[in-house]
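Remarks on the structure that follows.
Chain naming here is simple, since letters A, B, ... match the order of the sequence lines and numbering starts at 1 in each.
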Amino acid sequence: MTRAITFEVTHVCKQSGARTGLLHTPHGTVETPMFMPVGTAATVKFISPEELYDMGAGVILANTYHCWLRPGEDVVAAAGGLHKFMNYKNPMLTDCGGFQVFSLADRRKIKEEGVTFKSHLDGSTLFLSPEKSIEIQNKLGADMIMSFDECPPYPATYQYMEDSVNRTLRWAERGLKAHKRVGEQGLFGIVQGGEFEDLRRHSAESLVAMGQFEGYAIGGTSVGETKETMYKMIDYSVKHLPYEEVRYLMGVGSTDALLEGILRNVDMFDCVLPTRIARHGTLMSSQGRISIKKQEYEYDFGPLDPECDCYTCKNYSRAYLRHLFRCNEGLGSRLLSIHNLRFLIRLMEEARQAIKEDRFLDFKNEFFARHNLNSIDSRGF
RNA sequence: GGGAGGGUAGCGAAGUGGCUAAACGCGGCAGACUGUAAAUCUGUUCCUUCGGGUUCGGCAGUUCGAAUCUGUCCCCUCCCA
């Protein structure tokens, strides 16, 4: 099989077993473990591609459901694909629409054939199937595409989860058959199964047995479960995936969960958290999550985070950012998004360095101790 | 000088006898946010030792009861001379 995506493990930390690697894509190679900023509607909200390059971003995401509705996959295809359409030269990944099965739960209906949505834009009826999701993603043209899944709710009964997992597996087989750009785009399978060990195993083993996925994602996390449960979900999934293939933990972006994921041999992460909380005035810093709008920063002319090397920290003060947010000036959202994204990208850089130097466990433990994080149930920041 | 309309919490603005410590908006303060229906959403915003206390320009009345009715004074806006 000709592959678009290949992965190689480059070092395994002798202290922790965590790994670094290289992910080769049609748009270049990126180091793992890594964090991917989310650009749902073919844009990382408020951030230009040049700013993404400057902060060290590699892969970014776009979303099938949202790009399908606007501008439409044919527009993107006519532009020459997502990279050309949005002027991003580094690798890209598209999510399949499966998260919208979760987030738009009150306006969709799941059937064997696919999922019917009532558009959040105009109420019209939409139908997304495994084949349609792949067709759209083929047209969008990202380097990595995802097999259509149901991101199930939490908690869910065993019976619900079993039915959901098996349906998602049938969708995965249909997606593989529908994929028309093998060799140009790598299709990833998504492991589901909620908190149930045997279902996670069944899901992972079945996807692997299909023999054609170029990477594996762990889905159904960060949907309301505790950190302890999330880590179990990761464990139950990862141990049934081939060691040499890349693993992607979907939708996770709190600092503690990123480090716990790396410890469990996860290579890729994405999350809207840094950009969303940035737009809402919260920054991730070496001192934890900080609401920049707080009164105590009125006269604070120091940087957001004295340990940060981002554009925002090098040029602006907490007092100025507070002012921008109080005035609802968009620059505040931009500058804070730049900072938060750089914060997580730098955390990944430091984690990779620690792995290469065989001290990742120390690195993780020091980070947790320093930020007073509990390893199994903190919100992180 | 004559006439008309107004003064309600930080601001704007409802309310025109009891269900009103007083809608709503803004502003303020605090919180949430994890494959983005999110530049969003939630809580709170007279004082309090949580029993209560003091309010709707000031004062004096009417009434069982007044932000709401009467008198008077102060102030603001507009129109006419």
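- Looking at heavy atoms from C-beta onward, A/M230 lies in side-chain contact with A/V252 at the 4.5 angstrom threshold.
- Taking side-chain N and O atoms only, A/R279 has no distance below 4.0 Å to OP1 or OP2 of B/C41.
- Comparing B/A60 with B/C46, their P atoms are spaced 27 Å from each other, to the whole Å.
- The side chain of A/K118 places no N or O atom within less than 4.0 Å of a non-bridging phosphate oxygen (OP1 or OP2) of B/A37.
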Apply side chain to side chain contact (heavy atoms under 4.5 Å, CB included) to A/L259 and A/F368, showing your working.
-> CA-CA 9 Å; A/L259 297 183; A/F368 274 59; 4.1 Å; yes
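- Within the 4.0 Å cut-off from OP1 or OP2 of B/A37, at least one side-chain nitrogen or oxygen of A/Q100 is found.
- A stacking contact links A/H280 to B/U40: the aromatic ring centre lies within less than 5.5 Å of the base's six-membered ring centre, and the planes differ by less than 30°.
- With both pairing distances under 3.5 Å, B/U68 is matched to nothing as a Watson-Crick or G-U wobble pair.
- Aromatic ring pairs are classed by plane angle as parallel below 30°, tilted from 30° to 60° and perpendicular above 60°; the pair A/F102 and A/F99 is tilted.
- For A/N328, no side-chain nitrogen or oxygen approaches OP1 or OP2 of B/A39 to under 4.0 Å.
- With A/F127 as the aromatic partner, A/K132 does not meet the cation-pi criteria of under 6.0 angstrom to the ring centre and within 45 degrees of the ring axis.
- A/H83 and A/D143 form a side-chain donor-acceptor contact under 3.5 Å, judged by distance and modelled atom types alone.
- Proximity of A/R276 to the phosphate of B/U34: a side-chain N or O atom is located under 4.0 Å from OP1 or OP2.
- A close approach under 4.0 Å does not occur between any side-chain nitrogen or oxygen of A/S222 and OP1 or OP2 of B/U34.
- Side-chain N/O atoms of A/T221 and base N/O atoms of B/U34 include no donor-acceptor pair closer than 3.5 Å.
- Residues A/R19 and A/E244 are not paired through a salt bridge, judged by the lack of any N-O separation under 4.0 Å between the basic side chain and the carboxylate.
- Distance check on atom P: B/U42 versus B/U34 gives 15 Å, rounded to whole Å.
- Within 3.5 Å, a donor on the side chain of A/D149 pairs with an acceptor on the base of B/G35, or the reverse.
- Comparing B/G12 with B/U62, their C1' atoms are spaced 33 Å from each other, to the whole Å.
- Pairing for B/C46 goes to B/G53, judged as Watson-Crick or G-U wobble with the two contacts each under 3.5 Å.
- Neither OP1 nor OP2 of B/C33 sits under 4.0 Å from any side-chain N or O of A/T282.
- Within the 4.0 Å cut-off from OP1 or OP2 of B/C33, at least one side-chain nitrogen or oxygen of A/R289 is found.
- Look at the P atom in both B/U55 and B/C47: the space between them is 16 Å, to the nearest Å.
- The separation of B/U70 from B/A21, taken at their P atoms, amounts to 23 Å, rounded to a whole angstrom.
- Taking the P atom of each, B/U54 and B/U63 are spaced 23 Å apart, rounded to whole Å.
- Comparing A/G330 and A/V272 by the nucleotide of RNA chain B that holds the closest heavy atom to each, the one mapping nearer the 5' end is A/V272.
- Here, B/C11 and B/C78 have their C1' atoms 23 Å apart, quoted to the whole Å.
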